[in-house]
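Remember, predicted model here, so these are calculated numbers, not experimental data.
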Amino acid sequence: MFSSLFTVSILAALASVQAIGPAAVNLRTAGNYAILAKTGVSTVPPSVITGQVAVSPIAATGLTGFSLIVDSTGQFSTSKQVTGKLFAASYAAPTPSTLTTAIGDLGAAFNDATGRVNPNFLNLASGAIGGLTLAPGLYKWTTGVSIGSGVTIAGGATDTWIFQVAGTVTVAAAKKIVLTGGALASNIVWVVSGAVSVGAGAHVEGVILGKTSITLQTGATANSRLLAQTSVALQKATVTN
C-alpha cells in the first residue's frame, strides 16, 4: 500500500508541469444533461438542479416530485427546482428521438470508460479511499469504494481521471470530495457498476456514469452530471455542472 500511495504523491507533483491521465471519455449528447436516467428521476423538494433533466424510454410519469409545467410546444417541461428544461420520451417530437440518441450515448460512454485497460492503480486502499489524495490516472477497483472521510482530487485543468468501480460507491454523511490545483469536475469520471449513494450533507465532484441507481440523500451536493442506466433520486439535494 505504501508503494501505491507514494506513486499517487509523485503523480500529483508531476501533474503541475504536464497533463496526465487517460484519454477523456466522450459523453456525446449525454453530456447535454445534468441528470439523465432510463427508469426515472425523483426529487424530495426542494432540490436545486442547474442544467437539463431527462428520462427515456420512460414517460414523463418518471419525473416525480417536480410539479412539472408542460411547455405549450409539448416538447419539454419546467420546474421551480430546475434551472433548465425537463424532457421525457412521451413529449412531442423531436424530443423522443433526441433522448433515444442521448441514452445510446450514455451506454457508449459507460462501455468506453469501464472498458479501459492497464490501470495505473488497482484496488487502491482496498476501496477505502477516505483521506487520500488522488492524482490523475486510471483507477480500477474489483469490488466497491467507500469514502468515510474527505478525499482530495489533485491535478491541473487538463488532467483526467477515470475511476472504474465494479461494486458500489458509498460516500458517508457530510464527507466531501474536493478539487485542488485547478482540477475540473468535467475531467473526472466515476464509472460504477453498482449503486451510488451520497450521504446526507456530503459533496461529490465529477461525472457519474452509473450502471444502476444514483441517490443523493438529504442536503447532499454534486458538482457533477448524474447519468444512470436506472434511476436518480434526490432528497433536497443540489446538482450543478
Colleague: Taking T168 for the side chain and G144 for the main chain, is one N or O donor matched with an acceptor at less than 3.5 Å?
Modeller: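 No.
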Colleague: Would the distance check show the side chain of T230 and the main-chain N or O of S213 forming a donor-acceptor pair, the cut-off being under 3.5 Å?
Modeller: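 Pair found, side chain donor or acceptor close to backbone of S213.
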Colleague: Does the pair N123 and T142 meet the rule for a side chain to side chain contact (heavy atoms under 4.5 Å, CB included), with working shown?
Modeller: CA-CA 7 Å; N123 293 322; T142 56; 3.2 Å; yes
Colleague: Do you know the tightest heavy-atom contact between S231 and A37?
Modeller: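 Between these two residues, the closest heavy atoms are CA-CB, 4.2 Å.
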Colleague: For a quick test of reading the model, state the closest non-hydrogen atom pair linking A88 to T95 and the distance between them.
Modeller: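 Answer, listing the atom of A88 first, then T95: O-CG2, 3.4 Å.
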Colleague: Under a 4.5 Å side-chain heavy-atom rule over Ile, Leu, Val, Met, Phe, Trp and Tyr, are V196 and L209 clustered together?
Modeller: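 They do not share one cluster, since no chain of ILVMFWY contacts under 4.5 Å joins V196 to L209.
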Colleague: Is it the case that more than 12 heavy atoms not belonging to K236 sit under 6.0 Å from its NZ atom?
Modeller: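 Counting neighbours around NZ of K236, 12 or fewer heavy atoms of other residues, nucleotides or ligands fall under 6.0 Å, so no.
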Colleague: Determine whether L226 and V41 fall in the same hydrophobic cluster, where Ile, Leu, Val, Met, Phe, Trp and Tyr are linked whenever their side-chain heavy atoms lie under 4.5 Å apart.
Modeller: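 Result: yes, single cluster for both.
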Colleague: Side chains of V192 and V145: closer than 4.5 Å at any heavy-atom pair?
Modeller: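 With C-beta onward as the side chain, the pair stays apart.
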Colleague: Can you confirm whether T160 sits close enough to P136 that some side-chain heavy atom of one is under 4.5 Å from a side-chain heavy atom of the other?
Modeller: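 Side chain of T160 against side chain of P136, heavy atoms only: no contact under 4.5 Å found.
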Colleague: Please tabulate, for side-chain N and O atoms in residues 49-69, each donor-acceptor pair with protein atoms closer than 3.5 Å (sequence neighbours left out).
Modeller:
{"from": "Q52", "atom 1": "OE1", "to": "K85", "atom 2": "N", "distance (Å)": "2.6"}

Colleague: Evaluate I35 against L234 for side chain to side chain contact (heavy atoms under 4.5 Å, CB included), listing each step before the verdict.
Modeller: CA-CA 11 Å; I35 302 176; L234 310 177; 3.8 Å; yes
Colleague: Side-chain contact, heavy-atom cut-off 4.5 Å: Y139 with L134?
Modeller: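 With C-beta onward as the side chain, the pair touches.
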Colleague: Identify each donor-acceptor pair in which a side-chain atom of residues 180-189 lies under 3.5 Å from a protein atom, sequence neighbours left out, and give them as a table.
Modeller:
{"from": "N187", "atom 1": "ND2", "to": "A157", "atom 2": "O", "distance (Å)": "2.9"}
{"from": "N187", "atom 1": "ND2", "to": "D159", "atom 2": "O", "distance (Å)": "3.4"}

Colleague: Using atom types as modelled and distance alone, determine if a side-chain donor or acceptor of T152 lies under 3.5 Å from a backbone N or O of T133.
Modeller: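 A pair under 3.5 Å: no.
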Colleague: Parallel, tilted or perpendicular for F76 and F87, by the 30°/60° rule?
Modeller: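 It falls in the tilted class, 30° to 60°.
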Colleague: To the nearest 0.5 Å, how far apart are CZ in F121 and CG in L132?
Modeller: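 F121 atom CZ to L132 atom CG measures 10.5 Å (nearest 0.5 Å).
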Colleague: Considering the options V191, V169, I153, which one meets the side chain to side chain contact (heavy atoms under 4.5 Å, CB included) requirement together with F163?
Modeller: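 Of V191, V169, I153, side chain to side chain contact (heavy atoms under 4.5 Å, CB included) with F163 is met by I153 alone.
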Colleague: Does L179 belong to the same Ile/Leu/Val/Met/Phe/Trp/Tyr cluster as V25, with side-chain heavy atoms less than 4.5 Å apart forming each link?
Modeller: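 No: no chain of side-chain contacts under 4.5 Å links L179 to V25.
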Colleague: Taking a hydrophobic cluster as the set of Ile, Leu, Val, Met, Phe, Trp and Tyr residues connected by side-chain heavy atoms closer than 4.5 Å, whether directly or through intermediates, do V207 and V239 fall within one such cluster?
Modeller: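 Each belongs to a different hydrophobic cluster.
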Colleague: I want to check something: taking the side chain as every heavy atom from C-beta on, are I162 and Q164 in contact at a cut-off of under 4.5 Å?
Modeller: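 I162 reaches Q164 side chain to side chain.
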Colleague: Can you give each donor-acceptor pair under 3.5 Å made by side-chain atoms of residues 214-222, sequence neighbours left out, with the distance rounded to 0.1 Å?
Modeller:
{"from": "Q217", "atom 1": "NE2", "to": "S197", "atom 2": "OG", "distance (Å)": "3.1"}
{"from": "T221", "atom 1": "OG1", "to": "H203", "atom 2": "ND1", "distance (Å)": "2.6"}

Colleague: Is there a donor-acceptor pair under 3.5 Å between the side chain of N241 and the backbone N or O of Y33?
Modeller: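 No, the answer is negative, given that no donor and acceptor are paired below the 3.5 Å cut-off.
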Colleague: Is any side-chain heavy atom of Q235 less than 4.5 Å from a side-chain heavy atom of S42?
Modeller: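 No; the side chains remain at least 4.5 Å from each other.
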Colleague: When rounded to the nearest 0.5 angstrom, what distance separates CG in L227 from NZ in K211?
Modeller: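 Spacing of CG (L227) from NZ (K211) equals 14.0 Å.
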Colleague: Could you pull out every donor-acceptor pair under 3.5 Å between side chains of residues 99-113 and any protein atom, sequence neighbours left out?
Modeller:
{"from": "T100", "atom 1": "OG1", "to": "P96", "atom 2": "O", "distance (Å)": "3.0"}
{"from": "T101", "atom 1": "OG1", "to": "S97", "atom 2": "O", "distance (Å)": "3.2"}
{"from": "D105", "atom 1": "OD2", "to": "T29", "atom 2": "N", "distance (Å)": "3.0"}
{"from": "D105", "atom 1": "OD2", "to": "T29", "atom 2": "OG1", "distance (Å)": "2.5"}
{"from": "N111", "atom 1": "ND2", "to": "G107", "atom 2": "O", "distance (Å)": "3.3"}
{"from": "D112", "atom 1": "OD1", "to": "R116", "atom 2": "NE", "distance (Å)": "2.8"}
{"from": "D112", "atom 1": "OD1", "to": "R116", "atom 2": "NH2", "distance (Å)": "3.2"}
{"from": "D112", "atom 1": "OD2", "to": "R116", "atom 2": "NH2", "distance (Å)": "3.3"}

Colleague: If we ignore angles and hydrogens, is there a donor and acceptor under 3.5 Å between the side chains of D71 and T78?
Modeller: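 Result is no, nothing qualifies.
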Colleague: Do V232 and L27 land in one hydrophobic cluster if side-chain heavy atoms of ILVMFWY residues count as linked below 4.5 Å?
Modeller: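 Different clusters: V232 never reaches L27 through Ile, Leu, Val, Met, Phe, Trp or Tyr contacts under 4.5 Å.
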Colleague: Which heavy atom in V151 sits nearest to a heavy atom in G130, and how many Å separate them?
Modeller: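 Closest approach of V151 to G130: CG2-CA, 3.9 Å.
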Colleague: Would you say W161's side chain and A135's backbone share a donor-acceptor pair under 3.5 angstrom?
Modeller: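 A pair under 3.5 Å: yes.
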Colleague: Looking at A172 and A202, what are the two nearest heavy atoms and their distance?
Modeller: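 Heavy-atom minimum between the residues: O-CB, 3.5 Å.
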Colleague: Could you work out, with side chain to side chain contact (heavy atoms under 4.5 Å, CB included) as the rule, every residue matching S72, not counting sequence neighbours?
Modeller: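 If we apply the side chain to side chain contact (heavy atoms under 4.5 Å, CB included) test to S72, skipping adjacent residues, there are no hits.
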Colleague: Which hydrophobic side chains are connected to V48, either touching it within the sub-4.5 Å cutoff or through other members that do?
Modeller: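 V48 shares its hydrophobic cluster with no other residue.
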Colleague: Please report the shortest heavy-atom distance between I177 and E205, naming the atom on each side.
Modeller: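 So the two residues come closest at O-CG, 3.4 Å.
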Colleague: Quick one: closest heavy-atom pair of K38 and Q229, and the distance?
Modeller: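 Closest approach of K38 to Q229, heavy atoms only: CD-O, 3.3 Å.
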